[in-house]
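See structure below.
Within every chain, numbering begins at 1; the chains are lettered A, B, ... in the order of the sequence lines, protein sequences first and strands thereafter. A quick note: this is a predicted structure, and the numbers were derived from the prediction, not measured.
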Amino acid sequence: MNSEVRVRFAPSPTGYLHVGGARTALFNYLFARNMGGKFILRIEDTDQQRSTDESTNAILRSMKWLGLEWDEGPEVGGNCGPYYQTQRMDIYNDYAKKLLESGHAYYCFCSQEELDSERQEMEKNGVPPKYSGKCRNISLADAQKRIAAGEKAAIRFKMPGKEIKFNDLVRGELTFDGNLLGDMVIVRSDGFPTYNYAVVIDDGLMKMTHVLRGDDHISNTPKQIVIYEALGFTQPVFGHISMILGPDGSRLSKRHGATSVEEYKKAGILPEALDNFLALLGWSPEGDREFFTKEELIKEFSMSRVAKSPAVFDVKKLTWMNGNYIRKNDDEAVAKMTLPYLIEAGLVKESEVEEKMPWLVKVMKTAKTSFETLADAPKNVTLFFNEDYEVKKDDAEVAKYTENKELTNKVLDFVVGEITALENYDLASVKAVIKKAQKTLGVTGHDVFMPLRVSLTGLSSGPGVYEMFDILGRERVMVRLKNFKEKYLS
RNA sequence: GCCCCCAUCGUCUAGCGGCCUAGGACAUCGCCCUUUCAAGGCGGUGACGCGGGUCCGAAUCCCGCUGGGGGCGCCA
């Protein structure tokens, strides 16, 4: 079947997977799955200086975490491999040779210094910087002799000075003037291919039907098209997705804060939430719905609904969405997903996880409405864990009850007495006690709840008082109440 | 400097000539629920960058301007 859709994501392993890259990968993935085609992952590691295995691993890890499984590529193989550019050197060289022989390319002996000064000169004169074509007329035979004699040479592609057009899937027809483009290097003097060349060889040989990538590649496209033409490869359909911007409207970068998928994972963002959020950056479904499972995204996705304009990455909305995803889970699931964060915060020990699990589930039942990321969990549940919580006396609401000792004492004494006398400590009895306190003491509900809240949590706001009684249990409630009395009411 | 792309509430966006006194979501504000907080429910504030056309009619089409972004490497 040569009508099968084939798309790829081709990161260069020079750092972590960026959210912008993740979105490009996601769009390719969704498009492939929606069309019943293949999603291919290729590692563009021809930059020897900056590529690292560590980055490759980090990128693969992030892709998997996001659920973007690839059909061909590293670890899974495929018929069009290898999928690492550094393993495809022979292929690039073969095609470079063909281009040299067919007269589409030539050897260039210009040194870096010559090129630099040439460019500076052009810039000074306000001329668009473009290679002069100095080595264009050195014959292949002469060039080969010089190389045999030990000279270093790059290979340049002869740009045809013509108009280059292509039909972009998201932007429509785009036109470029080839006369403005200089002869580009396709093979560096160290023998490594350049991006614009390697990408064509790979996409051509890997039979890509569509190339969906970032906006920043628009001006590379005409350069690549002429290589497709020279090689006689079938051109894929191009689609350029707009970029992701920071809050200030410039290209999203480190100075805007977290940019890598890994950082969001660490911050306690769920992969489903990040996928959902990223899908909505630049793509919109029909209708007003915003929450989609991956399967639903696949079903709904269409390149025709991809926006042309760039999008600002709004962490607030991501976080809101993430909170919704967390709350969609049942209490047990939330307990499990927050566990690593609780352990890291020292609230739970690895060894007591099993024993504490049922209790943790109970904690999460009341706490999960209060956090938007998993990393928020520890600070929101810490007061359930130990008795040495701080009483915020500088909070005016709290101070009311530390200052009005008479009321607080009255309430606490009554409740302590009644709770101690309780045969069965359960929620119903606790409720009854509190009711009784109101009646007997002749105070409002608020005036019995607040002293209890302040003494049980040290705060004027937080989880429900009943929930505290339930989660803490009789003994810990007593400890807290008595401690509070001793410290603040005597 | 040159080339290219983009332009609807603060943000993500719907809108593809009349359904628009511009719809939804985040954020924000108010109300409700409620022992507090959160969650939830309801409601409010809030946008077609500007100027020319075309058309009976323009957020929607065309041109210019302005603004923003990207590219112009022996980086990808």
- Using a 4.0 Å cut-off on protein heavy atoms (strictly under), produce a 5'-to-3' string for nucleotides 23-39 of chain B with B for base contact, S for backbone-only sugar-phosphate contact, and - for none. -SBSS-------BBBBS
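- When the shell of 6.0 Å around CG of D190(A) is examined, it contains more than 12 heavy atoms from other residues, nucleotides or ligands.
- At a threshold of 4.0 angstrom between heavy atoms, the contacts of S242(A) with the nucleic acid are absent.
- In this structure, L115(A) reaches the bases: a heavy-atom distance under 4.0 Å links it to at least one base atom across the strands shown.
- Shown are D330(A), D331(A), N329(A); of these, the side chain to side chain donor-acceptor pair (under 3.5 Å) with K368(A) is made only by D331(A).
- Annotation for K152(A): atom NZ does not count as buried by contact number, only 12 or fewer foreign heavy atoms lying within 6.0 Å.
- For L281(A), whose side chain is taken as the heavy atoms from C-beta onward, the closest listed nucleotide among C6(B), C12(B), G70(B) is C12(B).
- Among the atoms of the strands shown, only primed sugar atoms or phosphate atoms (P, OP1, OP2) are found under 4.0 Å from some heavy atom of S284(A).
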What pairs of donor and acceptor atoms, side-chain ones from residues 174-181 of chain A against any protein atom, are under 3.5 angstrom apart with sequence neighbours left out?
{"from": "D177(A)", "atom 1": "OD1", "to": "N179(A)", "atom 2": "N", "distance (Å)": "2.9"}
{"from": "D177(A)", "atom 1": "OD1", "to": "N179(A)", "atom 2": "ND2", "distance (Å)": "3.0"}

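- Residue Q48(A) places its CD atom among more than 12 non-hydrogen atoms of other residues, nucleotides or ligands, all under 6.0 Å distant.
- Taking the centre and axis of the six-membered ring of F277(A), the NZ or CZ atom of K317(A) falls outside the cone set by 45° and 6.0 Å.
- Applying the 3.5 Å distance criterion, the base of C3(B) shares no donor-acceptor pair with the side chain of S219(A).
- For L180(A), the listed nucleotide lying nearest its side chain is C3(B); candidates were C3(B), C5(B), C74(B).
- Of the candidate nucleotides C74(B), A76(B), C4(B), C4(B) has the atom lying nearest to any side-chain atom of I218(A).
- Across all strands shown, H240(A) has no heavy atoms under 4.0 Å from either base or sugar-phosphate atoms.
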